[in-house]
Amino acid sequence: MGEIPQDIDPLSQDFYEQPTLELAKALLGCLLVKETEQGLAAGYIVETEAYIGPSDRAAHSYNNRRTARTEVMFQLSGLAYTYLMHTHCLFNVVSGGEEKPEAVLVRAIEPLYGIEVMKSRRGLDDLKSLTNGPGKLTKSLGITMEDYGSSLTLPPLYIANGIFPDSISVGKRIGIDNAGEAKDYPWRFWITDNKFVSRHQKAEFVIRSNKNPF
DNA sequence: AGCAAGATTAGCT
DNA sequence: GCTAATCTTGCTA
């Protein structure tokens, strides 16, 4: 198992200033890291979804709905938006800039560091099902509502450079059937063929890496 | 104060 | 594939 490097550099603020759909793709392959007393746990982001209020019916910030829960979506890009779904905590990256309530949901990661801690938090030994869903990865990494509003440019919760995906698949977002016309927007992104993706779905289209050898 | 809905998950058929 | 679990949020009264 890979040793944890001494320092993993958080990406800086300007990374989060790109348009939300670009950020959702740029996050793929990046390392999501959480440091706690139990140690460092991290994994590559392999699946994301964009939520672009106020016009996106699937977004919590639809119609500029501004409540205690959505408040952070109206703040600076690069903050953490965590919220509870049934019994689970889900993690988003705030984007769009101030007064533009947009965010990217992280739906799955590929475990890299701190795998024993993750297994222990999940009470599970199977690597494949450890972090292949938005509620699973937060539990594995120890992301909770205490992380609401914290900046991702600093520990304990941050994002760093990782790998560059060869291919990105694009499809409809998951679990938003009541969102009217927004349910069909192609705003879900995943690393093609990655086995830690939360659900299999036919891609509407595929984006190949610009590092094409030919 | 009451209530319906929810960006999910685990377990069972 | 289907359903229960479980509880907070936000809306209505």
Side-chain angles (χ1 to χ4, degrees), chain A residues 20-21 23-25 27-28 32 43 45-75 77 79-96 100-111 118-149 152 157 159 169-191 194-204:
Chain A
T20 296
L21 291 174
L23 180 63
K25 288 178 276 192
L27 283 167
L28 294 174
L32 178 59
I45 295 171
V46 301
E47 179 183 351
T48 59
E49 284 180 358
Y51 287 86
I52 306 181
S55 61
D56 176 7
R57 281 184 66 178
H60 294 153
S61 53
Y62 176 59
N63 226 3
N64 273 319
R65 185 166 54 169
R66 189 165 187 161
T67 65
R69 179 171 73 156
T70 64
E71 177 58 31
V72 76
M73 292 184 74
F74 291 81
Q75 306 297 329
S77 297
L79 301 182
Y81 171 37
T82 50
Y83 71 92
L84 295 172
M85 178 58 184
H86 293 261
T87 55
H88 310 283
C89 180
L90 274 60
F91 167 73
N92 300 248
V93 178
V94 171
S95 61
K100 293 177 73 179
E102 307 179 7
V104 177
L105 170 69
V106 176
R107 287 192 54 91
I109 67 172
E110 176 174 336
M118 295 195 219
K119 286 180 174 177
S120 149
R121 288 188 178 120
R122 292 264 290 132
L124 212 164
D125 197 47
D126 177 45
L127 187 67
K128 188 176 175 300
S129 53
L130 201 55
T131 57
N132 61 344
K136 298 177 186 179
L137 74 91
T138 55
K139 189 168 184 184
S140 289
L141 295 181
I143 295 173
T144 69
M145 287 307 294
E146 300 208 344
D147 293 303
Y148 181 94
L152 299 172
L157 176 61
I159 294 171
S169 293
V170 184
K172 297 174 182 176
R173 293 173 292 177
I174 304 291
I176 54 164
D177 290 340
N178 291 337
E181 75 284 347
K183 77 178 167 55
D184 293 325
Y185 296 171
W187 289 354
R188 176 181 183 230
F189 307 94
W190 66 94
I191 296 180
N194 185 280
K195 63 183 175 185
F196 295 94
V197 163
S198 68
R199 280 175 62 165
H200 290 295
Q201 174 196 24
K202 187 182 176 187
E204 310 237 325

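Numbered from 1 within each chain, the chains take letters A, B, ... in sequence-line order. This structure is a prediction, so every number in the text was calculated from the model and none was measured.
Using a 3.5 Å distance cut-off with no hydrogens or angles, the side chains of A:Lys128 and A:Asn132 do not pair a donor with an acceptor.
Atom NZ of A:Lys100 sits about 9.5 Å away from atom CD1 of A:Ile52, to the nearest 0.5 Å. A:Ile191 CD1 to A:Ile45 CD1: the interatomic distance, rounded to the nearest 0.5 Å, is 9.0 Å.
Counting any heavy atom pair closer than 4.0 Å across all strands shown, A:Leu84 reaches sugar-phosphate atoms only and no base atom. Nucleic acid contact class of A:Asn92 (heavy atoms, under 4.0 Å, all strands): base. At the heavy-atom level, A:Arg57 lies nowhere under 4.0 Å from the strands shown.
Regarding A:Lys136, its NZ atom lies at a distance of 12 Å from the C1' atom of B:dG11, rounded to whole Å. Straight-line distance from the CE atom of A:Met73 to the C1' atom of B:dA7: 10 Å, rounded to whole Å. Rounded to an integer number of Å, the gap from A:Arg65 CZ to C:dC11 C1' is 9 Å. B:dA7 atom P lies 11 Å from atom CD of A:Glu49, rounded to whole Å. Regarding A:Arg107, its CZ atom lies at a distance of 7 Å from the C1' atom of B:dA7, rounded to whole Å. Rounded to whole Å, atom C1' of B:dA7 lies 16 Å from atom CG of A:Asn132. What separates CG of A:Asn63 from C1' of C:dG10 is a distance of 14 Å, to the nearest Å. Going from atom OH of A:Tyr62 over to atom P of C:dG10 covers 17 Å, rounded to whole Å.
At the phosphate of B:dG6, OP1 or OP2 sits under 4.0 Å from a side-chain N or O atom of A:Asn178. Between C:dC7 and A:Arg69, no contact under 4.0 Å exists linking OP1 or OP2 to a side-chain N or O.
Relative to the six-membered ring of A:Tyr51, A:Arg173 meets both conditions, a distance below 6.0 Å and an angle of at most 45° to the axis.
If you check C:dG10 for Watson-Crick or wobble pairing at under 3.5 angstrom, you find it paired to B:dC3.
A distance cut-off of 5.5 Å between ring centres, combined with a plane angle under 30°, places A:Tyr51 in a stacking arrangement with the base of B:dA7. Where stacking is scored as ring centres under 5.5 Å apart with planes under 30°, A:His86 registers as stacked on the base of B:dT8.
When the options A:Asn92, A:Val104, A:Leu105 are evaluated for a side chain to side chain contact (heavy atoms under 4.5 Å, CB included) with A:Tyr81, the one that passes is A:Asn92.
Mapped onto DNA chain C by nearest heavy atom, A:Met145 and A:Thr87 fall at different nucleotides, with A:Thr87 at the one closer to the 5' end.
Distance from the side chain of A:Ala68 is smallest to C:dG10 among B:dT8, C:dG10, B:dA10.
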